[in-house]
Amino acid sequence: MGKGGTRFVGDAVGVRAKAKGYGGKEMKKDMEKFLATGVHPEVERARRAQQDIIPPLPERSTQRQHAFLDIAVNNATQGRMIIELFDDVAPVAVMHFRARCSEGASDSFKGTAIHKVVKDMGAFGGHSSRYREGVHMKRYQQLRHSEEGLASISLGGDELCITLGRALMLDDTHQVVGRLSGGRELLPLLNSLRTDINDAPQHRVRVARCGFTNAAGTLEDFDEAGAGSGGNKKETAEEAAARVKLEVAQARASVKEALQTGLEASGSKRKQPEGGGGAAAAVAAGRPSAKRGMLDSMLGDLSSSEEEEEEEAE
């Protein structure tokens, strides 16, 4: 090959040729700059374009749900991470994360190790021998690993991550569920840990405790019902009713979304018979489709029971 005849050129020419207004002169100038600096302008433009399309994170709100993780190194507690959960953006992933934050759960984060630390990328932990596989969470594209101090969970639900820098490569394997609103001083500590060739910390790092809290981190609630929390504030009857109603609605939406995702992912679609049969014809004829009928049959009782309870309350 002649000067500049590398595989990179062959791979990039096809992409650059499709760009409107990108001609031979521009290609020659870009290649000369690449040979002189080692940085190709086309790659740099693509990188900037990728940064431009990263959506901003949701605005901070003390009204969202919060969880905490106490981090210990060599059995000495170093501090507490308070995580603001994006339950209004990624409800299914947050629900799964919260379930594992409960100390009463069989697969709780409590006691699990931070088994991997990649500098300026993330600290990974949460593996439990009691974790039951089979979870496949939906990706919410508007939440990306765009900065340090974000909490995420693997799409399979078996691993948690705390970002130690921008880590967009994790978008394909993990779902962001929240960000640290407290305990950010622990990020430099984790980022400075010495690791071996496999990125495993040379010191024992683990989640000593976990649970639920408020935005200020002044409340400890280890279980959904507050059991075992000692001095927790008791709910009034109105607060308890509102909380139960919200949890039922969230659970119903999560189940419906999971069923819908499973139906869309299951097998190939059956060939529709001639004459416009199938779901479309059923809807046109005033009959519910099979897919919607199944969802309604499984979830319809919940909505009707909620309406009946509201009527009785009135």
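We're numbering straight along the sequence, starting at 1. Remember, predicted model here, so these are calculated numbers, not experimental data.
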Look only at the side chain of [X] and the backbone of [Y], and say whether a donor-acceptor pair between them is shorter than 3.5 Å.
X      : Y      : result
Ser154 : Glu159 : yes
Gln175 : Tyr140 : yes
Thr112 : His127 : no
Arg100 : Gly126 : yes

Which heavy atom of Glu147 sits nearest a heavy atom of Thr163, and at what distance?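 In this case the closest contact between Glu147 and Thr163 is O-OG1, 2.8 Å.
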Closest approach of Cys210 to Leu69 (non-hydrogen atoms, all atoms of both residues):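 Minimum heavy-atom contact is CB-CD2, 3.7 Å.
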Under 4.5 Å side-chain linkage, directly or through intermediates, the cluster mates of Ile197: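 Same cluster as Ile197: nobody, lone residue.
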Remaining members of hydrophobic cluster (4.5 Å side-chain criterion), Val89: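 Its cluster partners, ordered by chain and number, are Leu57, Phe86, Leu143, Leu150, Val176.
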Contact between Met137 and Val177 at the side-chain level, heavy atoms closer than 4.5 Å - yes or no?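 No, their side chains stay 4.5 Å or more apart.
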Distance-only donor-acceptor hits, side chain of residues 180-191, under 3.5 Å, sequence neighbours excluded:
from	atom 1	to	atom 2	distance (Å)
Ser181	OG	Ile82	O	3.4
Arg184	NH2	Glu148	O	3.4
Asn191	OD1	Asp120	N	2.7
Asn191	ND2	Asp120	OD1	2.9

For Asn214 and His66, which I'm curious about, is there any donor-acceptor pair between the side chains at under 3.5 Å?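 No, no side-chain donor-acceptor contact under 3.5 Å.
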Relative to the ring of Phe97, is the ring of Phe109 parallel (under 30°), tilted (30 to 60°) or perpendicular (over 60°)?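 Rings of Phe109 and Phe97: tilted, as their planes differ by 30° to 60°.
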Applying side-chain contact (heavy atoms from CB on, under 4.5 Å), name anything that partners Met95, two or more places apart in sequence or on another chain.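 Met95 satisfies side-chain contact (heavy atoms from CB on, under 4.5 Å) with Gln250, Ser254 once adjacent residues are dropped.
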Tell me, please, which residues at least two apart from Glu84 pass side chain to side chain donor-acceptor pair (under 3.5 Å).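 Arg64, Arg179.
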Pairs flagged by salt bridge (Lys or Arg N to Asp or Glu O under 4.0 Å) wherever residues 66-75 is involved - sequence neighbours left out: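 Qualifying pairs: Asp70-Arg80, Asp70-Arg209.
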